[in-house]
Amino acid sequence: MTEVRVRIAPSPTGPLHLGTARTALFNFLFARHAGGTFILRLEDTDQARSTDAFERDIIDGLHWLEMTWDEGPAVGDEPECGTYGPYRQMQRLPRYREAADRLLAEDKAYYCYCSPEELDAERRRQEAARQSPRYNGRCAQLTAEQRVAFEAEGREPVVRFRIPPDRTIVFDDMIRGHVAIDTSALGGDLVIVRSDGTPLYHFTVAVDDAAMAITHVIRGEDHLSNTPKHILLFEALGSAVPQFGHLPLILNADRTKMSKRKSETAVANYRAEGFIPEAFVNYLALLGWSTGTEEEVLSLPELIDRFDLASVNKAGSIFDRERLEWLNGQWIRRLSPDDLIDRLRPFLEAEVAAGHIEWLPSDGELRALLPVVQERLPTLAAVGDLIGFLFVKDLEPDPALMIPKRWDAAKAASALRAARRTIAEVGRVSWEADEIEPPLRRLVEEGGWKVGDLFMAIRVAITGRTVSPPLFDTMVALGYERTLARIDRAIERLEAQPAVTP
RNA sequence: GCCCCCAUCGUCUAGAGGCCUAGGACACGACCCUUUCAAGGUUGAGAUCAGGGGUUCGAAUCCCCUUGGGGGCACCA
C-alpha cells in the first residue's frame, strides 16, 4: 500500500475562508488518521488578486487551528519543508511551461488566438440562443499560415487542452460513489495557459498533484463537475489519477453556498470574537461528519482517531453559529485556570484599547474571578461584558433599575442605607462571600422584603447592571472600600430622584 | 440552456431491510437548583423519514419517476 499524501491548496486571494478551513481539516484528519503526509500548497497564479497579507492570514489561521503540515512553502523565517517543492505555484512556472510544451508537442493541446472579446461575444450569443456555453473550436485545427497571420495581427495566444468528444469519464468518489460525466458537457477545449504565459487552475492542479504524488484529492463539492477535466489532464500528462473525495458544501441560512455576503466566512473574525480553536475545529469536523456515536465534544486527537471519510455526509450543511457557541462554552469550561487567563488577556487588552475598561486586572485578580467567570463565558470576548464593571473607576447606576416593583426611590434608598451599614460592619471583620450573605439575609427578613429585591438593588448599585456574577463574589472582587463607595453613590442618585406621587 | 450532486425534527445529525410507535445534540417551552445571569439536572413540544410508484413476508434504509434544493459550465481558484 502506498503512503497517503493529501494537500490543501488555498489561493491567497482572500482571508482564510471557513470552507477552506473545513477542507483543510478533513484533509488533515484523513492524513493523520492514516499516518500519511499533509501538504500545504499556495495557489497564487492569480497575480491580480493574490496578496502577501492574505497569504499571512491563511497561514496564521491554519496555525491557529493547530493544523500542522509536513510539507509546505517557506513562510517568514521558516524554511520551505518537503522534497516535492517549491510549494508556491508562482515558483513552479517552468514546470507548467514544460508540461504545456509536451502537450503541445503531442498535439494534446494547441494555440488559440481568439481574443477575450470574441470569446465573450460568442458566449453571449450562445446564452441568448439558450445554448450551453462552450468553446466552438475555432482554433482547433489552424494551419501554419493562419497562425502566422494571427501572430502578425499581434494576437497573443492562449494554450487550449483538447477535450476528447464522446467519452464518458467515470470515477469512484470516496464520498459519493460512482460518478459519470460525459466529455460533451465540459464546455469544449480548455484554456490551460493564459496569453501572458501564466498557467490556469485546472492545469496547475493536475500538474502539481501529479508532481507531488498526491494520492487522495479531498475538496469541496463545487469541484465535482470539474473532476473529469482533471482526470483527462492526468491521463494526457501520463500520470496516475488520484482518488477523489468531494465534501459537501457549507451553506448560508438560505441553503446557498456559503458566501461572505450572507455569512461570516473569515476564520480570523471568529478568532477575534473569542472562539477558541478547540471548539472551532470540533464544530467544523462535525459539520458534515459524525462519529456515529453520541459523542459531541471531541479534541483534535480524538477526531483524528475516529475520522473516516466514508462516513462523511453527502448533503450540504448550514453553518449554525448557536451550536458553535455552545461548543465554545463547553471547551472554555474545560480549560485550566492558567490557560484561560492567558487566552483572556488579549481580549481584556482590547477592552482597554476600546475604552470599555480603564485598567487591566492582574493575573491574581483574574484567577480569583475565574470560578464565577468560566462557566459564564460563551466566548472569550464576552469577558468585558461580564466583569468590566470591576475595572472602571466611577459608575453612574440608573436609579430606575435599583427600585424594585412596588418600591419607590425613598424606600430603595433607605434599604440600601441599611444594607450599607450591615456590609460595613461585617466587612470590618471579614471580607468573604460566605460571611457577607447571612447578615444581609437577616436584614431582608427584618425589613419584610424580598431577597431578590434588595439583592438586585445592591447588584445595580455596585455593578451598574441587572446581570452580573453572583452578588457576594462580586462584592469580594470589588473590594470593601469600593463596594461601600459605590453603594454611597447609588444612594445619592436615588435621593436625587424626584418623589413619585402615584 | 446543458451536465453533475443531494433530500430524516427549525438547525447539526444517528440510522447500511426487521432493534424505528425514528435516537442524540443545538435552539425553544416547563420544572428543579437559585440573589440576577449562566452552568447543571429533569422534562416537553418538534420529522406521516420531500411526493409517487415498485422490489420484499417486511423499507427511512434497495430501484425508478416526479418535485424541490445545491453546484458546475471563465485568459478565478
Side-chain angles (χ1 to χ4, degrees), chain A residues 9-14 20 43-46 48-50 112 114-116 119-120 123 126-127 129-135 156-160 173 176 179-182 184-188 190-196 198 200-202 204-205 220-229 246 248-249 251 253-257 283 286-297 313-327 329 333 372-378 386 437 440-441 444 450-456 458-460 463 465-472 474:
Chain A
S11 116
T13 52
T20 309
E43 308 217 325
D44 53 358
T45 55
D46 184 350
R49 295 192 298 147
S50 296
C112 166
C114 300
S115 69
L119 259 13
D120 204 48
R123 189 162 31 242
Q126 288 167 335
E127 273 165 21
R130 308 196 137 228
Q131 291 171 330
S132 315
R134 64 179 290 120
Y135 178 60
E156 300 281 349
V158 299
V159 179
R160 270 186 201 272
D173 192 276
R176 274 144 226 284
V179 178
I181 299 176
D182 202 277
S184 64
L186 264 32
L190 179 72
V191 179
I192 57 175
V193 180
R194 294 185 179 87
S195 50
D196 70 1
T198 55
L200 261 352
Y201 170 74
H202 296 301
T204 60
V205 79
E221 196 201 330
D222 45 353
H223 287 295
L224 192 60
S225 311
N226 290 327
T227 301
K229 293 173 189 166
H246 288 93
L249 262 23
L251 275 20
D254 63 3
R255 294 213 156 268
T256 52
K257 176 166 129 178
Y283 178 74
L286 262 24
L287 202 54
W289 174 70
S290 75
T291 60
T293 69
E294 283 172 8
E295 301 173 296
E296 308 252 22
V297 184
N313 253 303
K314 296 185 187 73
S317 28
I318 296 173
F319 187 85
D320 180 2
R321 193 195 164 92
E322 305 233 41
R323 199 173 148 77
L324 170 63
E325 278 193 18
W326 170 75
L327 260 179
R333 271 165 241 138
V372 297
V373 162
Q374 192 154 13
E375 70 189 26
R376 288 181 170 73
L377 288 175
L386 235 191
E437 182 169 353
L440 278 174
R441 283 191 182 275
V444 166
K450 282 188 170 173
V451 173
D453 286 348
L454 203 235
F455 285 13
M456 182 54 81
I458 301 175
R459 181 190 317 284
V460 175
T463 70
R465 41 205 332 179
T466 56
V467 172
S468 82
L471 188 58
F472 306 106
T474 300

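Naming convention: chains lettered A, B, ... in sequence-line order (proteins, then strands); numbering from 1 in each chain.
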Counting only side-chain nitrogens and oxygens, does A/Lys257 get under 4.0 Å of the OP1 or OP2 atom of B/G72? yes
Reckon A/Thr45 touches a base, only the sugar-phosphate, or nothing at all at heavy-atom distances under 4.0 Å? sugar-phosphate
When both hydrogen-bonding distances must be under 3.5 Å and the geometry is Watson-Crick or G-U wobble, what is B/A47 paired with, if anything? none
Over all strands shown, is A/Pro470 touching base, sugar-phosphate only, or nothing at heavy-atom distances under 4.0 angstrom? base
Paired to B/C26 by Watson-Crick or G-U wobble criteria (both distances under 3.5 Å) is B/G10
Counting the atoms with a prime plus P, OP1 and OP2 as sugar-phosphate, which does A/Ala129 contact under 4.0 Å by heavy atoms, base, sugar-phosphate, or nothing? nothing
In Watson-Crick or G-U wobble terms, with both distances under 3.5 Å, the base opposite B/U34 is none
Tell me the partner of B/C73, counting only Watson-Crick (N1-N3 plus N6-O4 or O6-N4) or G-U wobble (N1-O2 and O6-N3) with both under 3.5 Å; none if nothing fits. B/G1
Looking only at B/U13, B/C26, B/G1, the nucleotide nearest the A/Trp326 side chain is B/C26
Among B/U34, B/C12, B/G71, the one nearest any side-chain atom of A/Thr256 is B/G71
Rounded to whole angstroms, how far apart are CG on A/Leu327 and C1' on B/U11? 14 Å
Test item: A/Glu43 side-chain N/O and A/Tyr201 main-chain N/O as donor-acceptor pair under 3.5 Å: no
What nucleic acid atoms does A/Leu471 come within less than 4.0 Å of, heavy atoms only: base, sugar-phosphate, or nothing? base
Do any side-chain nitrogens or oxygens of A/Asn313 fall under 4.0 Å of OP1 or OP2 in B/U8? no
What about A/Ser468: does its side chain form a donor-acceptor pair under 3.5 Å with the base of B/C37? no
Shortest non-hydrogen separation from A/Asp222 to A/Leu249 and the atoms involved: N-CD1, 3.8 Å
Which part of the nucleic acid, if any, lies within reach of A/Arg49 when heavy atoms closer than 4.0 Å are counted: base, sugar-phosphate only, or nothing? base
From the options A/Val193, A/Asp46, A/Val191, select the one residue that forms a side chain to side chain contact (heavy atoms under 4.5 Å, CB included) with A/Leu200. A/Val191
Check whether the side chain of A/Arg323 and the base of B/U11 form a donor-acceptor pair under 3.5 Å. no
How far does the P atom of B/A16 sit from the matching atom of B/C32, given to the nearest Å? 40 Å
Applying a 4.0 Å non-hydrogen cut-off, can you work out what A/Phe319 is touching in the nucleic acid: base, sugar-phosphate, or nothing? nothing
A/Glu294 side chain, from C-beta outward: closest of B/A77, B/C37, B/G24: B/G24
Could you please name the option among B/C12, B/G24, B/C76 that lies closest to any side-chain atom of A/Arg255? B/C12
With nearest nucleotide decided by heavy atoms, which residue, A/Ser132 or A/Gly452, maps closer to the 5′ end of RNA chain B? A/Ser132
For atom C1', what is the distance between B/A14 and B/A47, given to the nearest Å? 14 Å
Where do A/Phe472 and A/Phe455 land on the side-chain contact (heavy atoms from CB on, under 4.5 Å) test, with the steps shown first? CA-CA 10 Å; A/Phe472 306 106; A/Phe455 285 13; 3.5 Å; yes
At 4.0 Å (heavy atoms only), tell me whether A/Gly188 reaches a base, stays on the sugar-phosphate, or touches nothing. nothing
Can you tell which of B/G70, B/C76, B/C73 lies closest to the side chain of A/Asp46? B/C76
Among B/G69, B/G71, B/C37, which nucleotide has an atom closest to any side-chain atom of A/Asp222? B/G71
Classify the side chain of A/Arg134 and the base of B/C73 as holding, or not holding, a donor-acceptor pair under 3.5 Å. no
Looking for any heavy atom pair under 4.0 Å, which part of the strands does A/Pro469 touch: base, sugar-phosphate only, or nothing? base
CG of A/Leu286 to CG of A/Asp320: how many Å apart, nearest 0.5 Å? 12.0 Å
Are A/Thr463 and A/Arg459 close enough, and set up right, to give a side-chain hydrogen bond (donor to acceptor under 3.5 Å, both in side chains), and what steps lead you there? CA-CA 6 Å; A/Thr463 70; A/Arg459 181 190 317 284; over 6 Å; no
Which of B/A38, B/C12, B/C75 is nearest the side chain of A/Arg194? It is B/C75
State plainly whether the residues A/Arg321 and A/Glu325 are in salt-bridge range, i.e. N to O under 4.0 Å. yes
Toward the 5' end of RNA chain B, by each residue's nearest nucleotide, A/Leu224 or A/Lys229: A/Leu224
Identify whether any heavy atom of A/Ser195 sits under 4.0 Å from a base atom; if not, whether one sits that close to sugar-phosphate; answer base, sugar-phosphate or nothing. base
Starting the side chain at C-beta, find the nucleotide from B/A77, B/C3, B/G70 nearest to A/Glu43. B/A77
Using the C1' atom as the point on both nucleotides, what is the distance between B/C63 and B/G17, in whole Å? 14 Å
Compare the minimum distances between each of B/A39, B/C73, B/G71 and the side chain of A/Glu375, then state the nucleotide with the smallest one. B/A39
Which of the following nucleotides, B/G70, B/C37, B/U13, is nearest to the side chain of A/Val467? B/C37
Reckon A/Ser317 has a side-chain N or O less than 4.0 Å from the OP1 or OP2 of B/C12? no
